[in-house]
Structure formats: C-alpha cells, structure tokens
2 protein chains.
Amino acid sequence: MSSRDNLGLLLSLASAEGVARATQALRPLDLSVRSYTLLERVIDTGGMSQRALADDLRLDPSQIVALVDGLETRGLAERRPNPADRRQKAVAATARGKQTYRRAKVLVDASLDEVLGDLDPSERATLHEMLTRIVRRDPAAAEAAG
Amino acid sequence: MSSRDNLGLLLSLASAEGVARATQALRPLDLSVRSYTLLERVIDTGGMSQRALADDLRLDPSQIVALVDGLETRGLAERRPNPADRRQKAVAATARGKQTYRRAKVLVDASLDEVLGDLDPSERATLHEMLTRIVRRDPAAAEAAG
DNA sequence: TATTGTTATACTCTATAACTATA
DNA sequence: TATAGTTATAGAGTATAACAATA
C-alpha cells in the first residue's frame, strides 16, 4: 500500500475539501460551518441542551458556549431556561435564525454538490451509510480510545 | 433531510475520529499524524521537493517547512540539494526515519482498523474509490473554489 | 517575471483544567 | 457526588503576506 492509498489521509483530505467549500459558500451570510451545523441541529430538534449539542457535534461543551454566544449576539438563536432541570439551557433558533438557516442551506447544499459532483445518488447513499457506521460507533469504544 | 443526514458533517466527524485515533496511536513514537504522513510520502517516492509535498498534502509550503524542520531535527528526514534546480530541496527519509515509519505504520494501521472496523474489505475498497474521486478533482476546479 | 523555500503574524480550532450552580 | 454551563489558557492547525535566492 502506497501513501496514495492511505485511507485515513483520503478521509481527511475529503473532509477538508468539504469544510473549505462550505466555509466559502457561507461567507456571504457571515456564518461559520460550525455555527451553521449547530443552527441546523437545534432547528431540527426544536431545541437542545448544550450538553446534548456537544455530544452530537463531538465538541467540547466550552466550544458550544462560544458558538451559542455568537448566534445569540446576532439574534439567530437564544437560550431558554429548562424548568425541569435548572442547570440546563435549551438552545433554540429564533425566527430570524430559521430564515438565515434556510438561505444558508441552499448555499451549503450547492457547495456539497461540487465536492460530491462525481458521485451519483446511489453512490452518495452508500457513502452516507458507510460514514454513519464509522461515526455511530459504540460510545464506549470511543471513550476507551480517548 | 435532517441534520443527522448531513453528509458533510458525517465526513467531518469520520475524519476527526480517524485523526484522533491515529494521533493517539502515534503518541508512543512522538510523531504527529502530519509528520507521519509526510514521512510516508517521501519514503514512497524516494524524495520530493517541498513544493510537491505541499501540493500532495494540501498544505501551505510554510507548513511543510515546519514539518520538515521537526523531522530533520530528530534525524528522521533530511533536505538534499537538487543540482538540477538549486531553488529546490529534495526531502528524503534517513535510515532511522524509515525504521521509525515502519513501526509507526503498524500502529496507524491498527488504529484505522478500529475506525473502519464495521466495513469489510470490499466496502473499504468502495470507500477508498469514492474518496479518491472526491479528492482527485480537477485542480482548476479547486482553484476556482478558492 | 515567476517559483522555491523561508520567516512572521494573526486567526481559528482544539484540549485541558478549574469554577458555579444546580441535581 | 455528579452534571450543566462557564471561563481561562495554552497548544495545534490554518491562512496570509512578504522576502531572498534562483530560474
């Protein structure tokens, strides 16, 4: 196996390509890829605790704080108290946040099409399924790996 | 499409998982994933200019300088003059660098097996082929995308 | 003029630890 | 005791610009 066949490297390069293009696509809306992803997640779920966001996005809770701060300052998301557990704060998108997300999604999807341009729908489904299996591992295994 | 189906996010998470595990696997040898990748590349090619390395690894030339400096300080790689073009320096692995690489490869391959554990050889080949198509795009297209 | 390697700088991302308020 | 959110800090990684030597 030569270095050109390094699957880990290929994965890393493909990811970097996707992030770079999405970053560029989101520039007109002044949104980072991670803010966009967080916004998408809270819109789809109707609101999540910051801890749940950290778990889903595989980020440290302290990074979620910074991302939510940024979105809240711009009026795109807000923290709502959770009466059931006053330690938690439910992060939810504002109406303006949802509108911004819809516009952003069009741009991001187009940038992803550029990256995946050579893959037909069936291949994309296969890729999606395989990546899901890679990512959705037993959390205990990831824990053990540190 | 829900955020759980975000293919760009999945790609990013899978890559991060692979890099994290490889980083951990390489810790005993005090090698970064990028140093390992560079070492692999110069061993497989028998020596490359820093510019060629930057192109292959999708890194800025100034980052190659830092990586080669680190490997050279530790006696794992060296810069050799290129008589044909005195601007260039051919980066090559030393005997010790090759030995370190062989030990590192065992560890990295094992860590990759953990990440790809659910994929059989045929599926890995499919993944490899698709990622190759994503990464090996027309350089002009990547250029245009910034 | 253009390219290779280099230095410098700033910015983002990531990892870690410690603190507070709640449970 | 443990968990959710927060703050602070240091280290990687990344992007950009400028420069000297060479083509």
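Reminder, nothing fancy here: chain letters follow the sequence lines and each chain counts from 1.
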Pair of N/O donor and acceptor under 3.5 Å linking D:dT22 base with B:R86 side chain: no
Minimum-distance pair of heavy atoms, taken over all atoms of B:S35 and B:L67: OG-CD2, 3.8 Å
Close side-chain approach of B:R58 to B:V135, heavy-atom, < 4.5 Å: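 A side-chain contact exists here, since the closest heavy-atom pair is under 4.5 Å.
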B:R86 side chain near B:P81 side chain, heavy-atom distance below 4.5 Å: no
Residue pairs fulfilling ring-ring contact (aromatic ring centres under 6.0 Å, His included) with at least one residue in residues 8-65 of chain A, sequence neighbours excluded: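 Sorted result for residues 8-65 of chain A: A:Y36-A:Y101.
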Salt bridge present between B:D113 and B:R124 (N-O < 4.0 angstrom): yes
Sugar-phosphate, base or nothing in reach of B:S32, heavy atoms under 4.0 Å: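 Since no nucleic acid heavy atom lies under 4.0 Å of B:S32, the category is nothing.
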Gap separating the CD1 atom of A:I43 from the CZ atom of A:R102, nearest 0.5 angstrom: 7.5 Å
Residue closer to the 5' end of DNA chain C, A:D85 versus A:L67 (nearest nucleotide): A:L67
Among C:dT22, C:dG5, D:dG5, the nucleotide that comes nearest once only the side chain of A:Q88 is considered: D:dG5
Among D:dG5, C:dT4, C:dA23, the nucleotide that comes nearest once only the side chain of A:R51 is considered: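 Taking heavy atoms from C-beta onward, the closest nucleotide is D:dG5.
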Taking only nitrogen or oxygen atoms into account, show me every contact under 3.5 Å that the protein makes with nucleotides 6-10 of chain D, one pair per line with its distance.
residue	atom	partner	partner atom	Å
D:dT6	OP1	A:R79	NE	3.2
D:dT6	OP1	A:K89	NZ	2.9
D:dT6	OP2	A:Q50	OE1	3.0
D:dT6	OP2	A:Q50	NE2	2.7
D:dT6	OP2	A:R79	NH2	3.0

Between P of C:dA15 and CG of A:L59, the distance in whole Å: 9 Å
